[in-house]
Number of protein chains: 2
Amino acid sequence: MTVSRVLRNRGDVSPTTRQKVLEAARQLGYVPNKIAGALASQRVNLVAVIIPSMSNMVFPEVMTGISRVLEETELQPVVGVTDYLPEKEEKVLYEMLSWRPSGVIIAGLEHSDASRAMLAAAGIPVIEIMDTDGTPVDSAVGISHRRAGREMAKAILAAGYRRIGYMGTRLGLDHRARKRFEGFTEALAKGGVEIEDQEFYTNGSALGKGREMTAAMMARSPELDFLYYSNDMIGAGGLLWMREQGYDVPGAVGMAGFNDVQLLHGLPSKLATMDSCRQEIGRRAAEIILARLNGEDAPSGKVELTPVINPGDTLRAP
Amino acid sequence: MTVSRVLRNRGDVSPTTRQKVLEAARQLGYVPNKIAGALASQRVNLVAVIIPSMSNMVFPEVMTGISRVLEETELQPVVGVTDYLPEKEEKVLYEMLSWRPSGVIIAGLEHSDASRAMLAAAGIPVIEIMDTDGTPVDSAVGISHRRAGREMAKAILAAGYRRIGYMGTRLGLDHRARKRFEGFTEALAKGGVEIEDQEFYTNGSALGKGREMTAAMMARSPELDFLYYSNDMIGAGGLLWMREQGYDVPGAVGMAGFNDVQLLHGLPSKLATMDSCRQEIGRRAAEIILARLNGEDAPSGKVELTPVINPGDTLRAP
DNA sequence: GTGAAAGCGCTAACAT
DNA sequence: ATGTTAGCGCTTTCAC
């Protein structure tokens, strides 16, 4: 029918009929059925975005980056949440792929075999984000968390700290935190230093957990002169506690977190941290999808961004 | 084909053929095409969720509530973000409805005429969330922000504060903040009190903005004995600043925010606030959708939850 | 218990 | 510039 042509601004349609169709559509409150359209055209302008969590403060920013670039196109992001659970990731991925999206943006490089197989077989651009330590199915945009851990360790050693404690999420579920930890310990080892104490948590109010863990650790290991946190939220909690207790930060004890979450700017003192380039990761990933879909040559393989250390007020100058 | 029956566990299929089909599907890496399925069956297990923002700290919690209940069903939430822009809301809504979802959960009661028309014409359950001050297209689950504002005003007056300053987002875009403000001023007026100073902001790091605005306001109006913030984030920023300046909170100056964001639990002192029931709103909305879809009788019209004041450390006892 | 056939509401290609 | 037709990959219904 001509109607289809009008509604998609395609082909030559006389302005007269065009008007008539538009008018009729409005009157009937017509909303086209994309399902039928997609089935017929074999094109779906959806980009599946699969992330571990929404309440994390890190993924909303990635989403912002993605939305910004997709906004000016036909493409629409559709998000799925995995809660850091591989089985759930598999399920969500399956569900999303069954809608035949035009591309997939998925967090991390670690997936179940089944998930990897699905991604590889989907025949669409697949961008794995956040991390570049590993082998992507297709392309990856992110930072090297191992390197991020190393860099922070080097900065800490350079500043003269030697007795280091670590606090973070229970390793295992969060591969990126694990890799940072590995890079961190590795670089410390090169400097002849070992982590003296560590503590892990699973959930709860991050700020509060940071306080609790820090209090417990300082009670247990008062000799520590540096506290490294797997994320800024628990780090900020720890910092608040340390300040209240009257510790000399960063003189006697240095502290650092990870992510550079904007949310915390405005706290009495600023935790040393490392920017994880979240928004740019989202932007770049969406751009690659877009380029691929337009048949342009987009960087395949890894795109590694470089996180920068922000010493804040809790890392003394070397 | 029998295949279809197997993959959906429907109808009677002999275990033998069933096995064969399953095996073949696995081998081929077969992912069913939901587009075709949806078109044929006229059923789409998607629930459109339309919210103003993701980075807000309030909507992720609503999403959690929704996901929790939808998780155990066939239904999948699909989110769209409007950035508080009516035109964008219209566009996102149109886009989502054209996928013929099984239901819509949309924030707020204020929509463009076109949006309301689309919602009304969609012929699916429509739950407007967060707010109950107005007329829903179909059902609404939320709190009365006008009442929330009033209650807070009453509590403040009851505690003996009289010289009140207000800080919040620029009114207009955020209808719920506006309604709280209206309820607040209204209840103050009943007590013979008027807001003495106010300040609005548009964007930026909320904690930081709270600091800046508070500093500016206290410099301008040192006589104030209470500061009411439109949200906890700026309130927390303000509270940190007040503490640093050595103000006697809540003795000389009381303070309160809104939302009861979990994220802030762990700060040195706790801002008085009001729980906005976010997760429960999400849960209830999803439950209503579910019930409707199952043909059960679900509460149509408004479901008004009751937010509770949490006095924290910044509201002295009456 | 299994197969065959008719559509779902569009788009694409081909008439006219 | 407009109409016609054949699918897209499933589900549904009805036969067997």
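Labels below follow one simple rule: chain letters A, B, ... track the order of the sequence lines, proteins then strands, and each chain is numbered from 1. All values below were derived from every heavy atom in this structure, side-chain atoms included, with hydrogens, water molecules and symmetry-related copies excluded.
Residues Arg278(A) and Gln262(A) come closest through the heavy atom pair NH2-N, 4.4 Å. For the residue pair Asp138(B) and Val126(B), the shortest heavy atom distance occurs at OD2-N, 2.9 Å. Residues Val92(A) and Val81(A) share a closest heavy-atom pair of CG2-O, 3.7 Å.
Proximity of a side-chain donor or acceptor of Thr64(B) to a complementary backbone N or O of Pro60(B) within less than 3.5 Å is detected.
In summary, the side chains of Glu23(A) and Gln27(A) do present a donor paired with an acceptor at a separation below 3.5 Å, with no hydrogens or angles considered. In this structure, a donor-acceptor pair under 3.5 Å is absent between the side chains of Ser276(A) and Arg176(A).
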Output, in order, the C-alpha distance, side-chain angles, deciding distance and verdict of side-chain hydrogen bond (donor to acceptor under 3.5 Å, both in side chains) for Ser112(A) and Ser115(A).
-> CA-CA 5 Å; Ser112(A) 71; Ser115(A) 293; 2.9 Å; yes
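Residue Arg43(A) has no polar side-chain atom (N or O) positioned under 4.0 Å from OP1 or OP2 of dC10(C). One finds a side-chain N or O of Ser14(A) lying less than 4.0 angstrom from the OP1 or OP2 phosphate oxygen of dT2(D). One finds no side-chain N or O of Ser4(A) lying less than 4.0 angstrom from the OP1 or OP2 phosphate oxygen of dC10(C).
Listed by first and then second residue, the salt bridge (Lys or Arg N to Asp or Glu O under 4.0 Å) pairs involving residues 114-136 of chain A are Asp131(A)-Lys179(A) (not counting sequence neighbours).
At its two ends the helix from dG1(C)-dC16(D) to dT16(C)-dA1(D) runs along axes set 40° apart, each axis drawn from five pairs and the angle rounded to 10°.
The nearest whole Å value for the distance from the CD atom in Gln19(A) to the P atom in dT2(D) is 13 Å. As a whole-Å value, the separation of Arg5(B) CZ from dC10(D) C1' is 13 Å.
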Please list, pair by pair, any protein nitrogen or oxygen found under 3.5 Å from a nitrogen or oxygen in nucleotides 6-9 of chain C.
unit_1, atom_1, unit_2, atom_2, d
dC8(C), O3', Gln42(B), NE2, 2.6
dC8(C), O2, Leu39(B), O, 3.4
dC8(C), O2, Ala40(B), N, 3.1
dG9(C), N2, Ala36(A), O, 3.1

